[in-house]
Amino acid sequence: MTDVKELLLSRIRDVADYPEPGVMFKDITPLLADPAAFTALTDAFAEIAVRTRATKIVGLEARGFILGAPVAVRAGIGFIPVRKAGKLPGATLAQAYDLEYGSAEIEIHAEDLTADDRVLIVDDVLATGGTAEASIQLIHRAGAQVAGVAVLMELGFLQGRPRLEPALAAAPLEALLTV
């Protein structure tokens with residue numbers, strides 16, 4: 001796994017002062033452009049899906065879509081998008097959550113999940129944990145179980161893990177890289 005971590009880390013570009021001054025943005029587009037790195041990432045997440053006995057992958061808008069869909073295909077399970085409010089047609093469940101400067105809302109099609117589903121949440125970055133926490137609440141409200149959360153990078157200094165642990169109960173939170 002050390003070789004995989006080194007490969008992934010080598011394909012993540014730091015972009016200073018984006019989206020605002022003082023922020024060091026972690027750009028994963030070079031990783032996505034490299035088929036070996038993207039395959040290694042997909043395989044690592046698919047292994048987590050199998051190990052946690054997930055029956056569905058939930059990908060968080062928008063990079064979670066890019067990462068989660070191929071994981072679902074590789075693991076042989078379904079994929080469900082969690083979208084920003086107003087982006088899904090038909091009946092949805094919505095969950096509001098707080099951001100640093102305001103609030104936001106995400107939605108899911110509740111009929112895509114059943115009480116028999118074990119859901120692995122996939123995203124690129126765990127920062128403060130607000131979006132992931134809201135997605136856990138949505139999955140529970142839809143009647144499904146959370147198998148865990150898998151992220152490419154955890155920004156440890158933003159303390160997202162302590163925020164998520166109560167909502168996850170005993171389900172794992174796995175970060176391939178911690179920065």
Side-chain angles (χ1 to χ4, degrees), residues 12-13 15 18-20 23 25-33 38 41-42 44-46 48-49 52 54-155 158 160-161 163-164 166-168 171 173-176:
I12 297 170
R13 175 178 53 187
V15 179
Y18 182 82
E20 59 187 52
V23 173
F25 184 78
K26 300 293 186 182
D27 180 16
I28 67 166
T29 57
L31 187 155
L32 300 174
F38 196 12
L41 174 59
T42 300
F45 278 160
I48 294 168
T52 60
T55 60
K56 299 269 174 60
I57 298 289
V58 157
L60 305 183
E61 189 166 338
R63 288 178 296 271
F65 296 176
I66 297 167
L67 302 181
V71 171
V73 170
R74 180 69 46 92
I77 59 180
F79 175 81
I80 299 169
V82 168
R83 306 262 351 236
K84 293 175 183 168
K87 300 289 185 178
L88 289 171
T92 61
L93 286 176
Q95 183 68 47
Y97 63 102
D98 291 328
L99 298 167
E100 189 174 353
Y101 301 106
S103 63
E105 190 172 54
I106 55 175
E107 295 179 333
I108 193 169
H109 281 138
E111 70 270 9
D112 292 340
L113 293 173
T114 70
D116 294 329
D117 281 319
R118 292 181 47 79
V119 181
L120 180 65
I121 299 163
V122 171
D123 205 5
D124 64 330
V125 175
L126 174 63
T128 63
T131 308
E133 182 181 43
S135 68
I136 291 168
Q137 293 168 343
L138 275 178
I139 291 163
H140 287 153
R141 287 178 50 215
Q145 302 169 31
V146 175
V149 174
V151 296
L152 169 58
M153 285 179 284
E154 178 179 353
L155 305 180
L158 291 176
R161 183 176 291 268
R163 178 178 184 169
L164 285 187
L168 281 169
L173 167 55
E174 300 200 33
L176 300 181

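When every heavy atom of Leu173 is checked against every heavy atom of Leu164, the shortest pair comes out as CD2-CD1, 4.3 Å. Contact record, Ala167 with Ile136: O-CG2, 3.8 Å, taken as the closest heavy-atom pair. Counting all heavy atoms, side chain and backbone alike, Arg163 lies closest to Asp98 at NH2-O, 4.3 Å. Closest approach of Phe45 to Leu120, counting heavy atoms only: O-CD2, 4.2 Å. When all heavy atoms of Gln145 and Ile139 are compared, the pair lying nearest together is O-CG2, 3.9 Å. In this structure, Ala75 and Ala49 approach most closely via the heavy-atom pair CB-CB, 4.1 Å.
The CD atom of Gln137 sits 12.0 Å away from the CG atom of Leu93 when rounded to the nearest 0.5 Å. With rounding to the nearest 0.5 angstrom, the CG atom of Leu67 is 6.5 Å from the CG atom of Leu32. If you take CD1 on Ile48 and CD on Glu174, they are separated by 4.0 Å, rounding to the nearest 0.5 Å. To the nearest 0.5 angstrom, Ile106 atom CD1 is 5.0 Å from Leu138 atom CG. Here CG of Asp123 is found 12.5 Å from CD of Glu154. Values are rounded to the nearest 0.5 Å. Atom CG of Asp124 and atom CG of Asp27 lie 10.0 Å apart (nearest 0.5 Å).
Looking only at distances, no side-chain donor or acceptor of His109 sits under 3.5 Å from a matching main-chain atom of Ile80. Judged by distance alone, the side chain of Arg141 and the main-chain N or O of Ala94 form a donor-acceptor pair under 3.5 Å.
Among pairs with a residue in residues 79-95, those fulfilling salt bridge (Lys or Arg N to Asp or Glu O under 4.0 Å) read Glu61-Arg83, at least two apart in sequence or across chains.
When side chains are defined from C-beta on, Phe38 counts as touching Ile66, because their heavy atoms get closer than 4.5 Å. Put simply, the side chain of Val71 reaches to within 4.5 Å of the side chain of Thr42, judged on heavy atoms. Side-chain contact between Leu152 and Ile12: present, with at least one pair of heavy atoms (C-beta onward) separated by less than 4.5 Å. The closest side-chain heavy-atom distance from Met153 to Ile28 is below 4.5 Å. Contact annotation: the side chain of Glu133 never approaches that of Thr128 to less than 4.5 Å [non-hydrogen atoms, C-beta and beyond].
For the side-chain hydrogen bond (donor to acceptor under 3.5 Å, both in side chains) test, no residue two or more places apart in sequence or in another chain qualifies with Ser135. Partners of Thr55 by side-chain hydrogen bond (donor to acceptor under 3.5 Å, both in side chains), not counting sequence neighbours, listed by chain and number: Asp117.
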Run the side-chain contact (heavy atoms from CB on, under 4.5 Å) test on Ile121 and Val82 for me, step by step, so that the C-alpha distance in whole Å, both residues' side-chain angles and the decisive distance to 0.1 Å come before the verdict. CA-CA 10 Å; Ile121 299 163; Val82 168; over 6 Å; no
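Side chains of Thr114 and Asp116: a donor-acceptor N/O pair is absent below 3.5 angstrom, by distance only.
Within a 6.0 Å sphere centred on CZ of Arg63, other residues, nucleotides and ligands contribute 12 heavy atoms or fewer. Remark: Phe25 CZ is packed, more than 12 non-hydrogen atoms of other residues, nucleotides or ligands lying under 6.0 Å away.
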